[in-house]
Amino acid sequence: MSTYKYATLFLARNISVNQTRTFFSNLKCLDVTINRENGVAYVLMKHPPVNTLNMQLISELSLTLSNLEKSKCQGMILSSIFDKVFCSGLDLNELLKPKPERVKGYFSTFQELVIQLYGSSFPTVAAMTGHSPAGGCVLGMCCEYRVMKKNSQIGIPGSRMGIALPRYIVNLMSSTIGLRNAELMLTKGKILNTDEALKVGLIDEIANDRTDAIRKAEDFLKEYEMIAPLARGITKRIIRRSIIEDVKMNGAADLENFVSVIMLPEVQEKLDMYMYNLKNRKRD
Ligand SMILES: CCCCCCCCCCCC/C=C/CC(=O)SCCNC(=O)CCNC(=O)[C@H](O)C(C)(C)COP(=O)(O)OP(=O)(O)OC[C@H]1O[C@@H](n2cnc3c(N)ncnc32)[C@H](O)[C@@H]1OP(=O)(O)O
């Protein structure tokens, strides 16, 4: 991200550039900055054009989370440098005509990222600056609070593509919006607009634009300033334990099962068609 863009991002919220420090400078798909005053980390995805979760972005997110845990950061805002898209989900190129070992490694790295983000000790907010389909929705659900820019879309279209989602994703959705809403949403592979997402509780607030999304995310984190981090972290882990333990127990079997489904000719055909439609659809 250019210095100008940084300056506008922080000055818009009365934080001087001097109050921030770049946490890592050698990441290709992320900008990670920490506000020295309050210890909040800004993790901004910057993998053009639409933050597709390729192996590099997933690995950098994972590395960053490990380092933030070690650095005792006080909170994290996960966002995107792009105004229209938060994250376009998993890289469909990884799912098309895949080699079994490669695709297994890919899903297992994503699964580890989900556990890491969902189980992080510090508070997390997703400032979703735009569309958040599938894997983008999953990243958001792993955070404790979600702010999404108006006129965006969010959801997981797995069923529409003939793919049953792994159990940990279904559990994550159920714990976010309740069993009934999760059933309706996931069995239909439904994508919601911002208002619908707010109504079912998939997001917590709507933002007018990117700056507003970041400001609302900061306001959420501010509420924790007077709360003891240890007590907060332990409570979060207790609440989140069942999903994390379930992934640890059943994640490997889920993965095997899921990979064999992805390799089925009929699923590959659907994915191929999906990709074709994506490349050839009318842009708005
Ligand atoms: C969907 C279920 C699959 C099941 C897999 C299960 C995995 C299990 C574990 C995880 C569970 C959670 C599920 C995750 C699954 C996924 O994440 S699969 C990916 C699903 N994502 C999508 O369907 C999003 C598709 N993209 C869009 O709808 C749009 O791109 C956008 C709304 C995000 C942005 O629109 P716009 O700004 O108009 O950009 P585009 O011109 O469409 O895109 C630019 C460019 O990027 C390519 N692209 C977009 N998304 C992806 C992607 N996910 N993978 C690969 N490539 C992608 C797009 O084709 C364009 O390329 P060209 O410029 O045409 O070459």
Side-chain angles (χ1 to χ4, degrees), residues 29 45 47-58 61 80-98 102-115 117-118 128-142 148-149 151-174 176 182 185-194 202 243 247 250-264 266-284:
C29 304
M45 292 178 278
H47 177 47
V50 288
N51 285 332
T52 297
L53 286 163
N54 67 351
M55 197 67 157
Q56 172 110 13
L57 177 52
I58 296 176
L61 280 167
S80 150
I81 68 160
F82 305 118
D83 283 330
K84 201 175 151 193
V85 179
F86 170 66
C87 167
S88 75
L90 297 185
D91 188 345
L92 288 161
N93 297 303
E94 289 281 357
L95 314 186
L96 272 169
K97 303 182 188 68
R102 165 89 198 179
V103 78
K104 208 185 282 179
Y106 178 69
F107 282 126
S108 123
T109 315
F110 181 69
Q111 190 170 291
E112 276 159 33
L113 171 64
V114 169
I115 299 177
L117 181 55
Y118 187 70
M128 304 165 108
T129 55
H131 303 304
S132 311
C137 171
V138 173
L139 287 188
M141 287 194 297
C142 290
M148 191 162 82
K149 201 179 93 175
N151 302 325
S152 305
Q153 298 197 321
I154 183 167
I156 307 182
S159 300
R160 276 203 239 158
M161 299 164 70
I163 299 171
L165 295 169
R167 164 191 169 121
Y168 71 96
I169 300 295
V170 176
N171 289 342
L172 195 53
M173 183 64 88
S174 305
T176 311
M185 228 187 119
L186 294 179
T187 51
K188 290 182 181 165
K190 226 173 155 189
I191 299 288
L192 307 182
N193 65 34
T194 325
L202 187 52
I243 289 188
V247 180
N250 302 305
D254 265 5
L255 202 65
E256 288 291 338
N257 190 24
F258 188 76
V259 169
S260 59
V261 170
I262 282 282
M263 309 292 291
L264 292 173
E266 58 269 35
V267 173
Q268 282 295 313
E269 212 172 288
K270 277 210 155 109
L271 280 169
D272 203 22
M273 180 60 77
Y274 187 84
M275 192 66 168
Y276 176 85
N277 289 337
L278 183 64
K279 298 255 169 230
N280 293 287
R281 81 196 158 94
K282 230 175 119 218
R283 305 292 195 264
D284 24 84

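As the structure lists them, so they are numbered: ligands from 1, and atoms in each ligand from 1.
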Identify, by atom number and element, the atoms of ligand 1 in contact range of [X], meaning under 4.0 Å from any of its heavy atoms.
{"X": "Gly135", "value": "14 (C), 16 (C), 17 (O)"}
{"X": "Pro157", "value": "1 (C)"}
{"X": "Lys84", "value": "36 (P), 37 (O), 38 (O)"}
{"X": "His131", "value": "32 (C)"}
{"X": "Val85", "value": "34 (C)"}

* Is the shortest distance from a heavy atom of Arg281 to ligand 1 less than 4.0 Å? -> yes
* Work out whether the distance between some heavy atom of Tyr168 and some atom of ligand 1 is less than 4.0 Å. => yes
For [X], which part has a heavy atom under 4.0 Å from ligand 1: side chain, backbone, both, or neither?
{"X": "Asp91", "result": "both"}
{"X": "Pro166", "result": "side chain"}
{"X": "Gln153", "result": "neither"}
{"X": "Leu90", "result": "both"}

* Asked: For atom 61 (O) of ligand 1, which candidate among Met141, Met173, Lys270, Lys279 holds the nearest heavy atom?
  ->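 Comparing heavy atoms across Met141, Met173, Lys270, Lys279, the nearest one to atom 61 (O) of ligand 1 lies in Lys279.
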* From Tyr274, Phe86, Phe258 - option closest to atom 8 (C) of ligand 1 by heavy atom -> Phe258
* Do Thr194 and Ser152 have side-chain atoms, one donor and one acceptor, less than 3.5 Å apart? ->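 Thr194 vs Ser152: no donor-acceptor pair found between side chains.
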* To do: Using side chain to side chain contact (heavy atoms under 4.5 Å, CB included) as the criterion, point out the one residue from Asp272, Leu271, Leu264 that pairs with Gln268.
  => Leu271
* Structure fact -> Test side chain to side chain contact (heavy atoms under 4.5 Å, CB included), reference Leu172, set Val247, Val138, Ile156, output is Val138
* Asked: Would you say ligand 1 has an N or O under 3.5 Å from any N or O of Ala134?
  -> no
* Polar proximity ligand 1 side, Ser88 side, N/O cut 3.5 Å exclusive -> yes
